[in-house]
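Here the structure is laid out as structure tokens; the discussion comes afterwards.
Throughout, protein chains are lettered first and strands after them, A, B, ... in sequence-line order, and every chain is numbered starting at 1.
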Amino acid sequence: MSDTIHTSVDAKGLSCPMPIVKTAQAVKAVPAGELIEVLATDPGSVKDFAAWTRSTGNTIVEQTEDDGVFRFVIKRA
Amino acid sequence: MDDKPLAIVLFSGTDDKLNVAAVMASGAAALGRPVHIFLQYWGLDAFRADRIKNDHGLVAEAGAEGKAAVDALRAEGQAPWYETLAMAKELGGVEIQACSLSMDILRITEEDLDPLVDGTEGVTAFYLAAGDAQMLFI
């Protein structure tokens, strides 16, 4: 696993479920073990990304919030 | 992977209900769940190729205030329901079928429908395809 971001998904300003849908689309092109960064402002995204990663086997390795913008770093299963 | 299939009977043809169906379908598709959408009556009417991008209105309880809220979200760039559905189909595992009875009622053929629709089936084929899927009626 490399610790650089392989793919970044900017989902700021998008309503549910677009942050998850765009991320699900993006991870298809990401090799296993690589990192995906997602930026989202949808307040539901914290619980949604927790549920989505649990269900798909991907892992959230970093999660921060800055001024209403949630940033998730997800390791591709 | 949570792969329990989802079946949606989409009867309603207003933009709010169409959007809810698109949200439920794309959320399930993002989890890798197969989704089968069965279009009936006004839900099917909204998928006519020459009308799909029209303003389909909202349910009566939306009122003027609800319409303003939905319009504001759209102005902020929220994708219309048919684009959300197109993205769900790109994720894979999403099939959209027209109810053959509704096709007869509306007097339309498959050529009249948007390419988002994969084909036509009767209720028996729908039940068989849905199997033990979780089912929503919208």
Side-chain angles (χ1 to χ4, degrees), chain A residues 5-61 63 65 67-77, chain B residues 1-6 8 10 14-37 58 62 66-96 116 133-134 136 138:
Chain A
I5 302 293
H6 181 280
T7 299
S8 200
V9 177
D10 185 359
K12 294 195 299 291
L14 300 178
S15 322
C16 172
M18 275 304 149
I20 293 284
V21 170
K22 285 196 177 287
T23 304
Q25 235 170 15
V27 297
K28 287 183 170 186
V30 175
E34 295 290 336
L35 299 177
I36 307 115
E37 173 195 59
V38 185
L39 301 175
T41 48
D42 170 30
S45 57
V46 172
K47 283 185 181 167
D48 275 359
F49 275 95
W52 180 76
T53 49
R54 201 163 52 235
S55 174
T56 54
N58 301 300
T59 318
I60 298 176
V61 292
Q63 183 178 331
E65 195 219 320
D67 200 21
V69 178
F70 301 99
R71 178 175 179 268
F72 304 92
V73 178
I74 296 163
K75 186 180 162 191
R76 173 79 151 109
Chain B
M1 188 78 87
D2 177 2
D3 56 1
K4 186 175 174 67
L6 174 69
I8 299 175
L10 180 49
T14 52
D15 280 326
D16 45 2
K17 292 202 173 191
L18 291 161
N19 192 53
V20 164
V23 166
M24 300 308 284
S26 57
L31 287 169
R33 296 171 59 174
V35 180
H36 191 101
I37 303 177
L58 303 176
K67 186 180 185 316
V70 170
D71 286 349
L73 209 60
R74 175 65 58 85
E76 284 168 21
Q78 189 198 44
W81 59 269
Y82 45 85
E83 281 178 18
T84 303
L85 272 182
M87 288 188 71
K89 290 196 77 168
E90 277 170 34
L91 283 173
V94 178
E95 191 180 334
I96 303 179
L116 278 173
Q134 216 168 29
L136 295 177
I138 297 174

Around atom CE of Met24(B), are there more than 12 heavy atoms of other residues, nucleotides or ligands at under 6.0 Å?
no

How about Lys89(B): does its NZ atom have over 12 heavy atoms from other parts shown lying under 6.0 Å from it?
yes

Show the nearest heavy-atom pair for residues Ala30(B) and Ile20(A), with the distance to one decimal.
CB-CG2, 3.4 Å

Could you report the tightest heavy-atom contact between Ala51(A) and Leu31(B), atom names first, then the distance?
O-CD2, 4.5 Å

Inter-residue atom distance Met18(A).CE - Gln78(B).CD, 0.5 Å rounding
8.0 Å

Hey, what do you get for OG (Ser55(A)) to CZ (Arg33(B)), rounding to the nearest 0.5 Å?
8.5 Å

Which residues in residues 23-32 of chain A have a heavy atom less than 4.5 Å from any heavy atom of chain B?
Ala24(A), Gln25(A), Lys28(A)

Non-hydrogen side-chain atoms of Thr84(B) and Val21(A) separated by less than 4.5 Å
no

